[in-house]
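This report concerns only the one structure given below.
If you're wondering where the values come from, they're calculated on a predicted model, not measured in any experiment. Basis for what follows: all heavy atoms, side chains included, without hydrogens, waters or symmetry-related copies.
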Amino acid sequence: MSLYRGEKVLDGADFFTDSLPFYFNRVEETFDLQMHSHRFVEIVLVDEGEGFHFIDEEVVRVTKNDVFLLPAGTRHVFRPGHAGSRHPLSFTTVYLSRASCSHAWNTCPAFTS
């Protein structure tokens, strides 16, 4: 199965509102999700299992407690290490809108001084 079939770009309008500029999600990865990118920042924490993270043209082995910060426009997809594993690859994602990132950047003392 190709990683690149019908590659998708996720838009923030599907996840954010003016009053909620971030989105949390817990995912148990299968082989169904296609390679995709976002128009927003994504932070991923691998909660359980092991597998692979295909990031643009790179392949990274992942295990529990790995963290990824993915800038907007980064093509990626996770894959479990084994089909039907007793220890599925699962992770928590945090999507951050451009507005929330800009606000954090502009109000954080480390970046404003």
Side-chain angles (χ1 to χ4, degrees):
M1 179 181 305
S2 172
L3 294 174
Y4 302 99
R5 71 184 193 289
E7 195 170 313
K8 197 173 184 181
V9 177
L10 301 177
D11 189 65
D14 297 331
F15 303 98
F16 310 123
T17 66
D18 289 340
S19 62
L20 193 63
F22 53 86
Y23 177 84
F24 289 86
N25 190 27
R26 177 141 163 103
V27 178
E28 185 173 299
E29 190 56 70
T30 62
F31 291 93
D32 296 329
L33 188 65
Q34 63 201 48
M35 179 72 86
H36 63 280
S37 62
H38 317 111
R39 291 193 170 110
F40 46 84
V41 172
E42 179 180 17
I43 300 170
V44 180
L45 168 63
V46 178
D47 297 316
E48 297 178 50
E50 59 182 40
F52 302 93
H53 192 187
F54 294 80
I55 308 169
D56 289 323
E57 303 302 320
E58 233 183 295
V59 180
V60 178
R61 185 162 187 71
V62 301
T63 59
K64 183 177 179 174
N65 295 327
D66 285 347
V67 176
F68 295 89
L69 174 62
L70 301 165
T74 304
R75 294 171 39 233
H76 76 111
V77 69
F78 284 90
R79 289 289 182 253
H82 309 283
S85 173
R86 293 183 319 186
H87 305 286
L89 178 61
S90 64
F91 46 88
T92 300
T93 62
V94 180
Y95 298 162
L96 301 171
S97 71
R98 290 181 189 263
S100 65
C101 292
S102 294
H103 177 73
W105 187 268
N106 293 327
T107 58
C108 181
F111 298 120
T112 57
S113 55

* Asked: Is there a path of hydrophobic side-chain contacts, each under 4.5 Å between heavy atoms of I, L, V, M, F, W or Y residues, that connects Leu89 with Val44?
  -> yes
* On the 0 to 90° scale, with breaks at 30° and 60°, tag the His76-His38 ring pair as parallel, tilted or perpendicular. => perpendicular
* In plain terms, say whether Glu58 and Arg75 are close enough for a salt bridge, that is, a side-chain N and a carboxylate O under 4.0 Å apart. => no
* Asked: Are Val94 and Leu20 connected, step by step, through hydrophobic side chains (Ile, Leu, Val, Met, Phe, Trp, Tyr) whose heavy atoms are closer than 4.5 Å?
  -> yes
* When you check the side-chain N and O atoms of Asp47 and Thr92, is any donor under 3.5 Å from an acceptor? -> yes
* To do: Among Phe40, Phe16, Tyr23, Phe15, find the residue that satisfies the side-chain contact (heavy atoms from CB on, under 4.5 Å) test when tested with Ser97.
  => Phe16
* Do Phe24 and Val27 share a hydrophobic cluster (ILVMFWY, side-chain heavy atoms under 4.5 Å, transitive)? -> no
* Structure fact -> Residues passing the ring-ring contact (aromatic ring centres under 6.0 Å, His included) test with Phe52, sequence neighbours excluded, are none
* **Ile43 with Leu45, same ILVMFWY side-chain cluster at under 4.5 Å** => yes
* Kindly check if the number of other-residue, nucleotide or ligand heavy atoms within 6.0 Å of CG (Asp14) is above 12? => yes
* CG-OG1 distance between Asn25 and Thr93, expressed to the nearest 0.5 angstrom -> 4.0 Å
* **Minimum heavy-atom distance between Arg26 and Ser90, given as atom pair plus value** => NH2-OG, 3.5 Å
* To do: Show your reasoning for whether side-chain contact (heavy atoms from CB on, under 4.5 Å) applies to Asp56 and Thr74.
  => CA-CA 7 Å; Asp56 289 323; Thr74 304; 4.0 Å; yes
* Asked: Are the side chains of Leu69 and Val41 in touch, meaning some heavy atoms are under 4.5 Å apart?
  -> yes
* Assess whether side-chain contact (heavy atoms from CB on, under 4.5 Å) is satisfied between Arg39 and Leu10, documenting all intermediate values. => CA-CA 6 Å; Arg39 291 193 170 110; Leu10 301 177; over 6 Å; no
* **ring-ring contact (aromatic ring centres under 6.0 Å, His included) partners for Phe91, two or more places apart** => Phe78
* Asked: If you measure from the Lys or Arg side-chain nitrogens to the Asp or Glu carboxylate oxygens, is any gap between Glu50 and Lys64 under 4.0 Å?
  -> no
* Asked: In a check of side-chain contact (heavy atoms from CB on, under 4.5 Å) between His53 and each of Val77, Leu70, Val46, which one passes?
  -> Leu70
* To do: For the pair Arg79 (side chain) and Glu29 (backbone), establish whether a donor and an acceptor sit closer than 3.5 Å, ignoring hydrogens and angles.
  => no
